[in-house]
Amino acid sequence: MTKKRIMSGMRPTGYLHLGNYFGALENWVRLQNDYDCFFSIVDWHALTTGYEDTKDLKENIINMAVDWISAGLDPEKSTIFVQSAVKEISELHLLLSMIVPLSWLERCPTYKDQLQQLKEKNIATYGFLGYPNLQAADIMIHKAEIVPVGEDQLPHLELAREISRRFNYMYGETFPEPQAKMNQIKLLPGLDGRKMSKSYDNTIAISDSPEIIREKVKTMITDPQRIRKTDPGNPNICSVYAFHKVFSEGITKEVEENCKAGTIGCVQCKKQLADNMIAYMTPMYERRIKLLEDKSKIVDILKTGTAKAKAIAKETISEVYEKMNMLELE
Ligand code: TRP
Ligand code: SF4
């Protein structure tokens with residue numbers, strides 16, 4: 001049986017942290033065994049909000065590939081590619097922009113929210129309005145049936161379905177209607193108990209070495225009411241406990257009970273957590289070290305993936321030209 005096709009992407013805006021890993025990447029790693037997966041480093045999407053400062057773009061693309069592969073994406077199983085290297089996506093984007101009503105884009109909730117939130121960036125641009133249209137082109141160029149995403153992306157998926165339907169209605173059945181597949185997420189707070197986010201500087205990166213992980217765990221905020229080791233604690237307000245729930249499956253209950261009873265000190269509790277995190281993350285770190293030994297290999301992986309993505313994109317775009325009765329001279 002042929003595997004169903006999956007497509008998803010991430011904007012290369014800097015290193016990935018454990019929130020990104022447990023929010024998305026971990027799912028991708030699992031899916032790559034059962035689906036024909038296409039994972040795109042969507043640098044054009046990064047430009048929609050980051051067009052003013054592009055100095056780190058190249059480096060961010062390479063680093064994203066390294067983060068993905070060290071986290072477990074396997075280039076033998078999944079197609080890993082760079083969006084801007086598959087020019088056919090931009091052709092489809094342009095053609096779709098002819099048929100997408102402005103009102104669909106203007107009423108997209110993420111558009112309105114971001115305009116409000118990123119006021120200082122001046123994203124009242126043509127490109128940013130078309131963000132979901134570009135995303136639809138990403139998905140449609142590969143005729144992807146399933147799109148693993150977080151909840152925040154559901155409006156974009158709804159639009160991708162509407163755009164696919166509209167194309168099919170006007171020019172004949174061409175695209176499947178892509179279905180969103182909600183990521184199963186494990187929630188991790190940041191080191192300080194707030195949401196894990198680069199802008200709060202409270203992250204653990206998937207690139208952090210075992211030593212750095214251990215140091216960062218030491219700085220995690222615990223139950224502030226606990227002063228002596230024997231004070232009963234409240235694990236539910238402690239980030240260390242939230243992390244134990246993800247990394248220490250077998251002993252979570254024990255940690256909870258010992259904390260509440262005041263029979264474990266925070267220092268020891270953190271040490272146990274750091275040990276478990278390091279056990280989980282060491283294979284990632286080792287893959288990274290190996291990858292970085294030969295940077296040309298990373299570029300080769302991206303070239304191979306991009307060639308595979310492009311081959312399919314070419315087929316789709318020529319079918320689109322044909323359906324739209326455009327003159328193809330090549
Ligand atoms: N907009 C997505 C995000 O920010 C990234 C993305 C771009 C994407 N193209 C895609 C996701 C295609 C899924 C499918 O998370
Ligand atoms: Fe948090 Fe563990 Fe200290 Fe309890 S014992 S407050 S769970 S670090």
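Note that these values count all heavy atoms, side chains included, but never hydrogens, waters or copies made by symmetry.
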Looking only at atom types and distance, does a side-chain atom of Asn276 sit under 3.5 Å from a main-chain N or O of Leu273, one as donor and one as acceptor? no

Keeping His244 on the side-chain end and Ile251 on the backbone end, is there a donor-acceptor pair under 3.5 Å? no

Report whether Val42 and Leu129 are members of the same hydrophobic cluster (ILVMFWY, side-chain heavy atoms less than 4.5 Å apart, transitive linking). no

I would like to know whether Arg214 and Asp275 meet salt bridge (Lys or Arg N to Asp or Glu O under 4.0 Å); could you show each step before the answer? CA-CA 8 Å; Arg214 202 171 284 286; Asp275 289 344; 2.9 Å; yes

Rounded distance (nearest 0.5 Å) linking atom CZ of Arg11 with atom CG of Leu57: 12.5 Å

Is there a side-chain contact between Glu145 and Tyr35 (heavy atoms, below 4.5 Å)? no

If you define the side chain from C-beta out and look only at heavy atoms, does anything of Ser78 sit under 4.5 Å from Ile6? no

Can you give the donor-acceptor pairs under 3.5 Å from side chains of residues 92-115 to other protein atoms, not counting sequence neighbours?
residue : atom : partner : partner atom : Å
Ser97   : OG   : Leu94   : O            : 2.6
Thr110  : OG1  : His156  : NE2          : 2.7

Full working for side chain to side chain donor-acceptor pair (under 3.5 Å) between Asp192 and Asn202: CA-CA 6 Å; Asp192 57 2; Asn202 64 358; 2.8 Å; yes

Decide yes or no for Ser207 and Asp67: does some side-chain heavy atom of the first lie under 4.5 Å from some side-chain heavy atom of the second? yes

Of all heavy-atom pairs between Ser8 and Val149, which one has the smallest distance, and what is that distance? OG-CG1, 4.4 Å

Donor-acceptor under 3.5 Å (Ser296 side chain, Asp294 main chain): no

Got a donor-acceptor contact below 3.5 angstrom from the Asp223 side chain to the Cys238 backbone? no

The single option from Ile146, Val147, Ile163 passing side-chain contact (heavy atoms from CB on, under 4.5 Å) against Ile139: Val147

So CG of Asn325 and CD of Glu328: to nearest 0.5 Å the spacing works out to 11.5 Å

Tell me the closest heavy-atom pair linking Ala144 and Met7, and the distance in Å. CB-CB, 3.4 Å

Are Ile289 and Ile62 co-members of a hydrophobic cluster defined by side-chain heavy atoms under 4.5 Å apart? no

Distance (rounded to the nearest 0.5 Å) between Ile61 CD1 and Leu302 CG: 8.5 Å

Ring of Phe81, cation from Lys308 - is the NZ or CZ under 6.0 Å from the centre and inside 45° of the axis? no

Heavy-atom closest pair (Ala279 atom, Pro283 atom, distance to 0.1 Å) is O-CD, 3.5 Å

Among Glu91, Glu315, Glu88, which residue satisfies the salt bridge (Lys or Arg N to Asp or Glu O under 4.0 Å) criterion with Lys310? Glu88

Please step through side chain to side chain contact (heavy atoms under 4.5 Å, CB included) for the pair Leu292 and Ile298, ending with a clear verdict. CA-CA 8 Å; Leu292 292 177; Ile298 304 160; 4.2 Å; yes

Just how far is it from atom NZ of Lys229 to atom SG of Cys269, taken to the nearest 0.5 Å? 12.0 Å

Less than 3.5 Å apart, any donor N or O on the side chain of Tyr51 or Thr125 sitting next to an acceptor on the other? no

Suppose we screen for side chain to side chain donor-acceptor pair (under 3.5 Å). Which residues come up paired with Asp53, at least two apart in sequence or across chains? Lys55

Could you list the residues that satisfy side chain to side chain donor-acceptor pair (under 3.5 Å) with Asp36, not counting sequence neighbours? Arg5

Can you name the side-chain contact (heavy atoms from CB on, under 4.5 Å) partners of Leu73, sequence neighbours left out? Leu25, Trp28, Val29, Gln32, Phe39, Trp68, Ile80

Show your reasoning for whether salt bridge (Lys or Arg N to Asp or Glu O under 4.0 Å) applies to Glu319 and Lys323. CA-CA 6 Å; Glu319 186 184 348; Lys323 291 262 170 66; 2.9 Å; yes

Is there a path of hydrophobic side-chain contacts, each under 4.5 Å between heavy atoms, that joins Ile278 and Met281? yes

Could you list the residues that satisfy side-chain contact (heavy atoms from CB on, under 4.5 Å) with Pro235, not counting sequence neighbours? Tyr241, Glu256, Cys259, Lys260

Would you check if Met277 and Leu18 make a side-chain contact, meaning some heavy-atom pair closer than 4.5 Å? yes

I want to check something: taking the side chain as every heavy atom from C-beta on, are Cys266 and Val240 in contact at a cut-off of under 4.5 Å? no

Please report the closest heavy-atom contact between Gly150 and Asn183, naming both atoms and the distance. N-ND2, 3.5 Å

Linked hydrophobic residues, Leu187 as query - side chain contacts closer than 4.5 Å: Ile185

With the 4.5 Å side-chain cut-off for hydrophobic clustering, are Ile312 and Ile141 part of the same group? yes

Flag, side chain of Lys270 to backbone of Lys218, donor-acceptor distance under 3.5 Å: yes

Test item: Ser209 side-chain N/O and Ile212 main-chain N/O as donor-acceptor pair under 3.5 Å: yes

What I'd like to find out is whether the side chain of Pro132 reaches to under 4.5 Å of the side chain of Pro155, using heavy atoms alone. no

What's the verdict on side chain to side chain donor-acceptor pair (under 3.5 Å) for Gln83 and Asp138, showing C-alpha distance, side-chain angles and the deciding distance? CA-CA 8 Å; Gln83 182 188 39; Asp138 279 336; 2.9 Å; yes

Minimum heavy-atom distance Ala180-Leu157, with the two atoms named: CB-CG, 3.8 Å

From Thr282 atom OG1 to Met284 atom CE, the distance as rounded to the nearest 0.5 Å: 10.0 Å

Full working for salt bridge (Lys or Arg N to Asp or Glu O under 4.0 Å) between Arg228 and Asp231: CA-CA 5 Å; Arg228 270 162 311 214; Asp231 291 342; 3.8 Å; yes

Single-linkage hydrophobic cluster, 4.5 Å side-chain cutoff, Met196 and Val246 together: yes

Check whether Asn27 reaches the backbone of Gln184 with its side chain - one donor and one acceptor, N or O, closer than 3.5 Å. yes

Could you state the interatomic distance from CD1 (Ile123) to OG1 (Thr49), rounded to the nearest 0.5 Å? 6.5 Å

Any donor-acceptor pair under 3.5 Å from Lys216 side chain to Thr203 backbone: yes

Where is the tightest heavy-atom contact between Arg288 and Ser70, given as atom of each residue plus distance? NH2-OG, 3.2 Å

On the 0 to 90° scale, with breaks at 30° and 60°, tag the Tyr280-Tyr21 ring pair as parallel, tilted or perpendicular. perpendicular

Determine the interplanar angle of the Phe243 and Phe247 rings, folded into 0 to 90°, and report it as parallel if under 30°, tilted if 30 to 60°, perpendicular if over 60°. parallel

Donor-acceptor pair, Gln179 side chain versus Glu177 backbone, under 3.5 Å? yes

Within the 4.5 Å heavy-atom criterion, are Ile89 and Leu134 side-chain neighbours or not? yes

Taking the side chain as C-beta and beyond, is there a heavy-atom pair between Thr316 and His142 under 4.5 Å? no

Is it the case that over 12 heavy atoms from other parts of the model lie below 6.0 angstrom from the CD atom of Glu151? no

Tell me if a side-chain donor or acceptor on Asn168 pairs with a main-chain N or O of Thr174 at a distance below 3.5 Å. yes

